[in-house]
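Read the structure below first, then the notes.
Atoms considered below: every heavy atom in the structure, side chains included; atoms not considered: hydrogens, waters and symmetry mates. All values reported here derive from a predicted model rather than from experimental measurement. Throughout, protein chains are lettered first and strands after them, A, B, ... in sequence-line order, and every chain is numbered starting at 1.
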Amino acid sequence: MPHFKSDFLRVMHERGHVHQCTDLESLDEKASKGIVTGYIGFDATADSLHVGNLAGIMMLRRLQQTGHRPIALMGGGTTKVGDPSGKTETRQLMSDVQIAANIASIKGIFTNYLTFGGGAKDAFMVNNADWLDTLGYIPFLREVGAHFTINRMLTFDSVKMRLDREQPLTFLEFNYMIMQGYDFVELHKRYGCALQMGGSDQWGNIVNGVELGRRMKDLELFGLTTPLITTASGAKMGKTAAGAVWLKKERLSSYDYWQFWRNTEDADVGRFLKLFTDLPLEEIGRLEKLRDAEINEAKKILAFEATKLAHGAEAAEAAAETARQVFEGGEGQGGDLPTYEFPRGTTPLVVDVVVTLGLAASRGEAKRLIEQGGLRLNDAAVTGLTATIGESDLDASGAARLSAGKKRHAVVRAV
RNA sequence: GGACGGGUGGUCGAGUGGUUAAAGGCAGCGGACUGUAAAUCCGCCCUCGCAAGAGUACGUAGGUUCGAAUCCUACCCCGUCCA
């Protein structure tokens, strides 16, 4: 392991955030001498970020933790154009209003990971629409376009791949890398930003920005990428039954978020603890040595720490407690589970309840679940398709637990 | 603008007049084994219906036919090549 002068690079390296760097030594030097301002770009197509963005968010967090200044750059300008790589779907152009709402919502996520404010080390958020929207074509071409050669642009993997496969590459897409490079230079001009980070797939784009800075203004800019985070089984991280693992509570409950981390594969536990929690390395070292059933303890800690960062300690504790009751306590119904309420005295059809709760997408699916023995009411398999929930199923508080499969649980309650 | 190729279920991809709710793969879901893991095996996987069955569905809208994802027409969209 190389020896670093700066806390920033030492921490990044120890925790497994570093994949490639344009100039590790000089960046180390710079970070050891003063405050470095660094940024990562994020899409503004949805009102929440998801776990796939978390590696980047954590990099910004580490940057701030080690005494530097993070910028979250929102791609409001590029979002307006739309990602042209989508296939058959006609891309919907997003309205300014929508984009602004998304950005505001996403900011709520960042505030959990970064300290915002006006101080020298406080994080802030900018939108590249601020400068991309008003670009003049000719001045831009002369100022920026002149520094890019087509010869070189054609050598980029993203471009080469399309050409090799004889798939179309629009002029718009072709310009994307220039835009991104320009963002970097603009951020330097406005805020003295000298570092761009991102996933390893962004390497080419990042290098472009670094080079553009040098050519236009003889700037010394740096690029740093994280390894693409995949699970030990090779899958891209962040997909579950319900789709994307969103970071916003409104999109995915704390309990489900906690469960996502709880279900990490054994082989990933140590790596994820380093990347996605603030736990000291010594403790992680101890946790990742656990084997067999014991490693479940490490997974719970991972789940708790990750949820604490995203949703706060209180939500994390509630989620952990719910999980404990549901999986270990047998009887109880945690407060965090989805709940179905019905008037006392009525006997709702189980099938309907399952659909309403979202445990199954349709009545047909609910029935299949029952036929396969996957649906349980208070841990007893529901047998008939016409089963109802009656007074005798409810406990003293008027509640019963409904489970689909081994991991998905909900509460039904008479009110 | 011209020539050609194409649009099939969450996705990839078979299917070129009836035996097609549509092969197969992937993803997903349930079960077994376990540790709320991985791997493996079994089952499921459009909607409604207890069921028999019915309704939708192969880009969109019409048409031919006893019968269409399959043939015809128009339109929309995507791609390749040429201007």
Side-chain angles (χ1 to χ4, degrees), chain A residues 82-92 162-170 172-173 230-245 255-273 287-304 306-307 319-330 332 334 336-337 349-352 354-355 357-377 379-388 401-410:
Chain A
D83 180 3
S85 65
K87 273 187 69 184
T88 41
E89 284 170 51
T90 355
R91 15 244 183 239
Q92 295 179 315
R162 291 287 191 87
L163 295 181
D164 287 348
R165 289 192 195 163
E166 299 198 337
Q167 285 175 338
L169 176 73
T170 63
L172 179 71
E173 288 172 282
T230 54
T231 68
S233 331
K236 218 173 172 179
M237 210 183 131
K239 272 181 65 183
T240 66
V245 178
Y255 171 73
D256 286 328
Y257 190 74
W258 191 94
Q259 280 295 326
F260 167 75
W261 292 102
R262 171 62 247 257
N263 286 316
T264 299
E265 291 175 34
D266 288 9
D268 291 325
V269 172
R271 195 158 52 101
F272 287 2
L273 279 167
L287 290 171
E288 68 184 341
K289 284 206 191 68
L290 297 173
R291 284 289 169 268
D292 302 319
E294 288 192 335
I295 199 163
N296 284 326
E297 291 312 309
K299 290 184 190 179
K300 284 179 205 165
I301 292 170
L302 170 63
F304 178 78
T307 308
E321 176 59 17
T322 298
R324 200 191 59 74
Q325 287 181 9
V326 169
F327 286 98
E328 295 167 27
D336 254 18
L337 295 177
L349 207 56
V350 171
V351 173
D352 293 329
V354 167
V355 174
L357 279 167
L359 294 178
S362 67
R363 307 193 71 212
E365 198 177 306
K367 286 174 195 163
R368 256 173 253 130
L369 201 56
I370 292 173
E371 278 164 11
Q372 299 187 121
L375 190 73
R376 293 185 312 285
L377 185 61
D379 280 332
V382 174
T383 47
L385 299 183
T386 53
T388 56
R401 183 161 62 130
L402 195 61
S403 313
K406 281 184 280 199
K407 297 185 191 171
R408 289 146 61 221
H409 304 279

For [N], take OP1 and OP2 only and decide whether either is under 4.0 Å from a side-chain N or O of [X].
X: A/S362; N: B/U47; answer: yes
X: A/R291; N: B/A37; answer: no
X: A/K299; N: B/U36; answer: no

When the [atom1] atoms of [M] and [N] are compared, how many Å lie between them, rounded to an integer?
N: B/A51; M: B/U60; atom1: C1'; answer: 37 Å
N: B/G59; M: B/G6; atom1: C1'; answer: 11 Å
N: B/U47; M: B/U36; atom1: P; answer: 31 Å
N: B/C81; M: B/A74; atom1: C1'; answer: 26 Å
N: B/A23; M: B/G15; atom1: C1'; answer: 8 Å
N: B/A32; M: B/A39; atom1: C1'; answer: 14 Å
N: B/G13; M: B/U8; atom1: P; answer: 9 Å
N: B/C58; M: B/G7; atom1: P; answer: 13 Å

All side-chain contact (heavy atoms from CB on, under 4.5 Å) counterparts of A/T388, not counting sequence neighbours: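 So A/T388 forms a side-chain contact (heavy atoms from CB on, under 4.5 Å) with A/T347, A/L349.
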Applying a 4.0 Å non-hydrogen cut-off, can you work out what A/I295 is touching in the nucleic acid: base, sugar-phosphate, or nothing?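 Base, at least one base heavy atom under 4.0 Å.
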Select base, sugar-phosphate, or nothing to describe what A/A404 touches, counting heavy atoms under 4.0 Å on all strands.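 Answer is sugar-phosphate: A/A404 comes under 4.0 Å of backbone atoms only.
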Between [atom2] of [N] and [atom1] of [X], the distance in whole Å:
X: A/L359; N: B/C29; atom1: CG; atom2: C1'; value: 12 Å
X: A/K407; N: B/G28; atom1: NZ; atom2: C1'; value: 13 Å
X: A/H409; N: B/C29; atom1: NE2; atom2: C1'; value: 15 Å
X: A/L290; N: B/A37; atom1: CG; atom2: P; value: 17 Å
X: A/E294; N: B/U36; atom1: CD; atom2: C1'; value: 17 Å
X: A/D268; N: B/A39; atom1: CG; atom2: P; value: 11 Å
X: A/L337; N: B/U36; atom1: CG; atom2: P; value: 17 Å
X: A/E297; N: B/G35; atom1: CD; atom2: P; value: 14 Å

Is a donor-acceptor pair below 3.5 Å formed from side chain A/K300 to base B/U36, judging by atom type as modelled?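 Between B/U36 and A/K300, which were checked side chain against base, a qualifying N/O pair under 3.5 Å is absent.
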RNA chain B: A/G373 or A/T264, which has the more 5' nearest nucleotide?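 Whichever sits nearer the 5' end wins; that is A/G373.
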5' precedence on RNA chain B between A/T386 and A/Q259 (nearest-nucleotide basis):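 Between the two, 5'-proximity favours A/Q259.
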Between A/E371 and A/R368 (salt bridge meaning N to carboxylate O under 4.0 Å), is one present in this structure?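 No, this pair does not count.
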Taking any strand in view, what nucleotide pairs with [N] in a Watson-Crick or G-U wobble way, both distances under 3.5 Å?
N: B/G55; answer: B/C46
N: B/C26; answer: B/G10
N: B/U60; answer: B/A74
N: B/G79; answer: B/C4
N: B/A38; answer: none

Min side-chain heavy-atom separation A/E265-A/D268 under 4.5 Å: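 When only atoms from C-beta onward are counted, A/D268 and A/E265 do touch, with a gap below 4.5 Å.
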Side chain to side chain, A/F327 and A/K406, heavy atoms closer than 4.5 Å: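 Answer no - side chains too far apart.
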Taking only the side-chain heavy atoms of [X] (C-beta and beyond), determine which of [options] contains the nearest atom.
X: A/K406; options: B/U36, B/G35, B/A32; answer: B/A32
X: A/R408; options: B/C29, B/A37, B/G31; answer: B/C29
X: A/L369; options: B/G30, B/C50, B/U36; answer: B/G30

Is there a side chain to side chain contact (heavy atoms under 4.5 Å, CB included) between A/L402 and A/H409? Walk through the geometry before answering. CA-CA 6 Å; A/L402 195 61; A/H409 304 279; over 6 Å; no
Please report the interatomic distance [atom1]([X]) to [atom2]([Y]), rounded to the nearest 0.5 Å.
X: A/R408; Y: A/D256; atom1: CZ; atom2: CG; result: 10.0 Å
X: A/E321; Y: A/Y255; atom1: CD; atom2: OH; result: 12.0 Å
X: A/I301; Y: A/L287; atom1: CD1; atom2: CG; result: 4.5 Å

Check: A/K299 side chain, A/T264 main-chain N or O, donor-acceptor pair, under 3.5 Å: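 Yes, because the side chain of A/K299 sits within donor-acceptor range (under 3.5 Å) of the backbone of A/T264.
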Polar atom pairs between nucleotides 43-45 of chain B and protein, under 3.5 Å, N or O only, would you list them?
unit_1: B/G43; atom_1: N2; unit_2: A/Q372; atom_2: OE1; d: 3.3
unit_1: B/G43; atom_1: N2; unit_2: A/Q372; atom_2: NE2; d: 3.4
unit_1: B/G43; atom_1: N3; unit_2: A/Q372; atom_2: OE1; d: 3.2
unit_1: B/C44; atom_1: O4'; unit_2: A/Q372; atom_2: OE1; d: 3.3

Expected list for residues 291-298 of chain A: side-chain donor-acceptor pairs under 3.5 angstrom, two or more places apart:
unit_1: A/R291; atom_1: NH1; unit_2: A/E288; atom_2: O; d: 3.2
unit_1: A/N296; atom_1: OD1; unit_2: A/R262; atom_2: NH2; d: 2.5
unit_1: A/N296; atom_1: ND2; unit_2: A/A293; atom_2: O; d: 3.3
unit_1: A/E297; atom_1: OE2; unit_2: A/K300; atom_2: NZ; d: 3.3

